[in-house]
Amino acid sequence: MTDPFVSPQRANRRARQRLDRLASGAIAASGIGVVAAVLAIGVYLTLAVLPLFEDASVEVDAEPSPAMSGASIVWLAEDGEYWLSANGRVFDAQGEVTTLTDEPRVTTVTEASETLPLAVGLDNGEVSVVPRDARGQPRWSQATRWRLFASAPVAALHLQSTTHGWALAGRDADGQVAALWHDGETARRIALPDRAEHLALGREGHLVMAQGTRLTSWKLSPDGSVAPSARAETAAPITALAFLQGGRTLVVGDAEGGLRRWRQRPDDQGWQAAETPYAALGEAPVRRLLALPRQRLWLALDADGRLGLYQAMSGQRWQGVAPEASLPVTLSSDARGNRVRWLSETGRLYRLAVEAPHAAVSTATLWMPQTYEGYASDEWRWAAAASGDAEPKYSLVPLAWGTLKAAAWAMVFAIPLALGAAVHSACYMSTRQRARLKPAIELMEALPGVVIGFVAGLLVAPFVEQHLAGTLALFICVPLGSVACGWLWRRLPARWESRLPPVGVGVGLIVPLALLCWAALSVSPWLEAWWFGGDLRAWMQQTLGWDYAQRNALIVGMAMGLAVIPTLYSLAEEALSGVPRSLAEGSLALGATRAQTLWRVQLPAAAPGILAAVMIGAGRAVGETMIVLMATGNTPLMSPSLFEGLRSLAANLAIELPEAAVGGTHYRLLLLGALLLFVFTFVVNTLAEVVRWRLKRRYRRYGARA
């Protein structure tokens, strides 16, 4: 007889199998998709960061020469469309445009930027200053003349901006030096007592002169006075000087081919040579230095025709051969420093294409201490969003330090609480109590980080600032008080313990701990007045040199530790609960106490899982953004102090990425920080998962749940 239910059951079983295979395929595809998405993020960040470490290059192309002999041209405009001849005539591609001067011949020309005038030195000792219009074009008809020397021709000129005008310094063929200070209406002539072979003019009237091996610094004043600020001697005769962008860094080339950076002291009193010179082009004397307008780049040319591109912090970025071995008649750079026009003595015009968009970035500038402008010693600094002429600082060390510092203090706060709760719930609580407690603690993970950061920054930080001594006392009193309460509870008669339910014991412990906290906060003002003179923060500043910031590592440690506790507790509790009961029961059967069983059996067996929980919690703390953003001062400091602020890589991304220009150095450095976070969290989480998998595989041999 045929069973009528066999066929439908078989059909249902097949349908369930198809659905199971479909669900398994969908889950597997989703998992693979997540892995692929994560790897795609890593690949994208890597591709975005790689251009930071590309080599710089300088490509030379020849252009048609102007319609005049090169020897008669003394100045070429940035765009190469017009030029000035030695007889004072201005030309463009169609012919003569205007005449600047008839009788005195032009000997030298200098310009600082499109906003400053064009200064033209004449052979009668005068200087013709040509203003510019709004587009940066010279207004030749509005040129004014100023007397710089009595009758000697002007051999060299240097122009620099000041607060209310401009300053100009010149040298004649005999080495005499004079300057003009223009305040917007009139110009005052300043005579220098020393002679010089080379000179350079920096910011706010800092004039540097070189004579042989002697380097002299002078401070020009708007009232026409001059005062020496410093003198120094170099190892070899000086052959070239140039100020970089901002006028605070001086580059010195010598007769032995050496190049060295001189930086202005923080107090503006003189100059200090960098300890390590730049890589030399060769042994021939350095003959020409051209500072490019951006990134503190410059070109160096030596007597053998070698050409090099340098950056103030990262050093030599490129070296090659100059278009011609002889010195150029004139060099002009565009406003971005990407195009340089080289006019040779033979009349040939060359275009140098400078490709160095990220020249300031190198392994040394990212991870090694550097001496920046305005600092007396090597330091790690981050200020990539510097504006104006301020020197950008690209060190990632303060951000990495802040990231690890915040995560470390968060783990210091979270590990004792989370692991203590996990040990108690897994090893001492009943199944019913654990089923109620564990979901409640895991529910804390749903609390948004922005809420925790808001509470920490606006409530906790001001409270800790007002009760600093009491807060620090709590970190001592609460652990000791908990141990004391437990010891006292064990000393009470056994009938008390049997009459109280386990929940009542926990509630009863809260009352003495609350009283202990209240006592610590109440007594702390008297303790602060007795031991620290009434002001703990002032005592730390005077005795330990620690500054106190309202939003500091202590605040972020407590706030982020609270956010990490649910993850750490859940994983550690699973590891402890997964230890086979047979191990603990065997230890107890051999006469060990519950404490001995915990320390000698359960914790060692669950150690890999606990380690994995700590690693995952650390990864969670490293990647936290909003809590660090709102609970710290976001100051990139390299300080080990618990009471000072910090800035993490994640918070730095949130702060600066919206303002960074896409594709620029700042933008790619922020993505480099994101890549470092990605690699760290990926590696840590992967290792933690491997440890957990090996732990589960080992437990299966004992028949434990995994």
Between Arg647 and Glu656, is there a side-chain N and carboxylate O pair less than 4.0 Å apart? yes
Around atom CE of Met444, are there more than 12 heavy atoms of other residues, nucleotides or ligands at under 6.0 Å? yes
Listed partners of Ala422 passing side-chain contact (heavy atoms from CB on, under 4.5 Å), at least two apart: Tyr569, Ala572, Glu573, Leu576
Near Trp599 CH2, under 6.0 Å, is it more than 12 heavy atoms from other residues, nucleotides or ligands? no
Using 0.5 Å steps for rounding, measure from the OG1 atom of Thr363 to the CG atom of Leu52. 10.5 Å
Kindly say whether Ala360 contributes a backbone atom to a donor-acceptor pair with the side chain of Thr365 at under 3.5 angstrom? yes
For Arg317 against Val361, the heavy-atom pair lying closest together: NH2-O, 3.4 Å
Atom CG in Leu671, atom CG in Leu47: separation rounded to 0.5 Å? 11.0 Å
Output yes when Arg296 and Glu373 qualify as a salt bridge under the 4.0 Å nitrogen-oxygen rule, no when they do not. yes
In short, Trp382 meets Leu399 closest at the heavy-atom pair CD2-CD1, 3.8 Å
Return the CD to CG distance between Glu644 and Leu554, rounded to the nearest 0.5 Å. 13.0 Å
Do the ring planes of Tyr372 and Tyr375 sit parallel (below 30°), tilted (30 to 60°) or perpendicular (above 60°)? perpendicular
pair Lys438-Ser570: side-chain heavy atoms closer than 4.5 Å: yes
Tyr44 atom OH, neighbour heavy-atom count above 12 within 6.0 Å: no
Return the orientation label for the Trp546 and Phe643 ring planes: parallel under 30°, perpendicular over 60°, tilted otherwise. tilted
Determine whether Ile41 and Phe682 make a side-chain contact, defined as any pair of heavy atoms from C-beta on separated by less than 4.5 Å. no
Is it true that, when you exclude Phe678 itself, more than 12 heavy atoms of the residues, nucleotides or ligands shown sit nearer than 6.0 Å to its CZ? yes
Among all residues two or more places apart in sequence or in another chain, which pass the side chain to side chain donor-acceptor pair (under 3.5 Å) test with Gln370? none
